[in-house]
Number of protein chains: 2
Amino acid sequence: MFAPPIQRLIAEFAKLPGIGQRTAQRLALHVLRGSDEHASQLASAIAEVKAQIRPCQICFNLADQPTCHICRDARRDDSVICVVEDPADVISMERTHEFHGRYHVLGGSLSPLDGVDPEDLRLPELFRRLRDGQVGELIVATNPTTSGEATALHVAREVRELAPSVRVTRLAAGLSVGADLEYTDEVTLGRALLGRREL
Amino acid sequence: MFAPPIQRLIAEFAKLPGIGQRTAQRLALHVLRGSDEHASQLASAIAEVKAQIRPCQICFNLADQPTCHICRDARRDDSVICVVEDPADVISMERTHEFHGRYHVLGGSLSPLDGVDPEDLRLPELFRRLRDGQVGELIVATNPTTSGEATALHVAREVRELAPSVRVTRLAAGLSVGADLEYTDEVTLGRALLGRREL
């Protein structure tokens with residue numbers, strides 16, 4: 001129903017997460033309706049991001065220089081490293097404004113069924129960072145999912161062996177702020193109970 | 001929080017309709033995570049669509065050749081032209097599989113307050129198509145909105161003057177298939193009543 005170049009663009013948009021066929025069509029028609037300039041800005045932004053963004057050589061966060069802006073920031077606390085699965089998790093942590101240490105992006109979580117084994121994650125690079133003795137705490141902020149938990153346990157076990165002086169912690173599990181007990185699943189509620197704190 | 005090339009891509013994605021800041025960020029990170037090949041396919045599909053797609057010289061539908069695939073199709077009925085506002089409306093009409101005539105894309109609808117006057121639409125081109133006497137019916141399928149209705153009335157008036165032998169019709173207004181009377185607005189229900197048909 002569409003000319004081939006339009007069909008191709010719709011198919012490319014539809015490959016993006018959360019974009020269905022109908023939305024992809026709307027986006028493609030929007031690009032067609034818009035100015036040539038806007039379209040070429042979008043196209044070049046896509047090309048540039050791939051050309052210029054590389055993993056940080058220290059923490060594997062996204063960077064447009066050899067190291068990322070957090071690793072370059074002298075004001076950050078070198079004694080704490082927060083271990084996350086993905087670069088998007090760094091953004092989420094930064095949004096809290098509660099963490100002032102460094103990061104380490106693993107690049108995923110252990111999931112043997114999906115073929116993700118320890119050697120597929122940036123674990124050797126993490127352990128190497130612990131070797132110089134500067135790090136006192138490792139906050140393992142992998143997702144509270146089966147594979148995230150498995151990854152956290154694996155990291156904790158390895159660190160105990162390689163750098164026993166490093167404290168390994170995990171983010172608290174419990175109720176979301178603003179949540180309703182009635183609608184909270186029993187596993188989360190159970191964790192919140194186990195992790196209860198003195199008032 | 002993001003390196004400039006990522007921020008630029010997020011900003012470009014956020015300009016697309018229905019894409020908010022959060023979705024734009026997810027799309028940008030998806031592009032970053034994906035292969036270079038996928039990103040360059042998306043970028044080149046955007047560039048190509050702008051380079052290759054032009055309005056059809058006859059009906060102003062989207063075309064990758066001087067005329068669109070519908071105008072080129074010898075099996076279509078030359079005696080009926082369906083007038084629509086946008087190329088997306090051609091797709092909607094084609095999906096019904098009920099229309100086998102030609103189209104004419106006006107490129108919008110009359111809306112003096114937004115600065116859209118008759119001379120901003122492809123009306124002279126439409127009237128020129130009526131001149132050779134081949135067309136017997138003009139189905140005005142502009143949207144059932146204030147500006148769509150105003151456009152339809154304007155077209156009907158002009159056609160009556162320029163080509164009085166051409167029948168000008170309008171799509172039926174009434175209940176959506178599967179709709180519920182209880183939840184149908186009174187204007188639509190009123191139109192459905194006025195347009196009632198013998199069973």
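Every value quoted in this text rests on a predicted model; they were computed, and no experiment measured them. Below, each value reflects all heavy atoms present in this structure, side chains not excepted, and no hydrogens, waters or symmetry copies. Chain letters run A, B, ... following the sequence lines, proteins first, then strands; residues in each count from 1.
- Contact count against chain A (heavy-atom pairs under 4.5 Å) is highest for B/I46 among B/I46, B/T23, B/V90.
- Under a hydrophobic clustering in which Ile, Leu, Val, Met, Phe, Trp and Tyr are joined whenever their side-chain heavy atoms come within less than 4.5 Å, directly or via other members, A/L153 and A/L138 fall into different clusters.
- Of all the listed residues (B/R8, B/H30, B/E94), the one sharing the greatest number of non-hydrogen pairs under 4.5 Å with chain A is B/H30.
- A/V135 and A/F60 are members of different hydrophobic clusters when ILVMFWY side chains are connected at heavy-atom separations under 4.5 Å.
- If you take CD on A/E12 and CD on B/E48, they are separated by 10.0 Å, rounding to the nearest 0.5 Å.
- Within 6.0 Å of atom CD in A/E119, more than 12 heavy atoms from other residues, nucleotides or ligands are found, so the atom counts as buried in its surroundings.
- Of the two parts of B/I10, neither the backbone nor the side chain holds a non-hydrogen atom closer than 4.5 Å to a non-hydrogen atom of chain A.
- In the displayed structure, A/R167 atom CZ is contacted under 6.0 Å by at most 12 heavy atoms of other residues, nucleotides or ligands.
- Atom CZ of A/R95 has more than 12 heavy atoms from other residues, nucleotides or ligands within 6.0 Å.
- Distance check, rounded to the nearest 0.5 Å: CZ of A/R33 to CG of B/L62 gives 9.0 Å.
- A heavy-atom distance below 4.5 Å is not found between the side chains of A/L29 and B/D86.
- Among B/A45, B/G18, B/A28, the residue making the largest number of heavy-atom pairs under 4.5 Å with chain A is B/A45.
- Contact of A/Q25 with chain B is made through the side chain alone, with heavy-atom distances under 4.5 Å.
- Counting heavy atoms of neighbouring residues, nucleotides and ligands inside a 6.0 Å radius, atom CZ of A/R54 exceeds 12 of them.
- Side-chain atoms of B/Q41 and A/K15, non-hydrogen and from C-beta on, do get closer than 4.5 Å to each other.
- The hydrophobic cluster containing A/L126 does not contain A/F99, counting ILVMFWY residues as joined when their side-chain heavy atoms lie under 4.5 angstrom apart, directly or transitively.
- The neighbour count for A/R191 CZ, taken as heavy atoms of other residues, nucleotides or ligands under 6.0 Å away, does not exceed 12.
- Counting heavy atoms from C-beta on, the side chains of B/L27 and A/I19 come closer than 4.5 Å.
- The hydrophobic cluster containing B/L171 does not contain B/I91, counting ILVMFWY residues as joined when their side-chain heavy atoms lie under 4.5 angstrom apart, directly or transitively.
- Per-residue counts of heavy-atom pairs under 4.5 Å with chain A were compared for B/A47, B/P17, B/A39; the largest is that of B/P17.
- For a residue to count as touching a neighbouring chain, one of its non-hydrogen atoms must lie under 4.5 Å from one of that chain's; by this rule B/N61 does not touch chain A.
- A/V83 and A/V166 fall within a single hydrophobic cluster, where Ile, Leu, Val, Met, Phe, Trp and Tyr are joined by side-chain heavy atoms under 4.5 Å apart, directly or via other members.
- Contact of A/L32 with chain B is made through backbone and side chain together, with heavy-atom distances under 4.5 Å.
- When each of B/G107, B/S35, B/A11 is checked for heavy-atom pairs under 4.5 Å with chain A, B/S35 comes out on top.
- Counting heavy atoms from C-beta outward, A/V31 and B/L16 have side chains that approach closer than 4.5 Å.
- Atom CG in A/L9 sits 11.5 Å away from atom CD in B/Q52 (nearest 0.5 Å).
- Distance alone, capped at 3.5 Å, is enough to place a donor-acceptor pair between the A/K50 side chain and the B/G34 backbone.
- Residue A/V49 comes nearest to B/P5 through the heavy atom pair CG2-O, 3.7 Å, listed as atom of the first residue, atom of the second, then distance.
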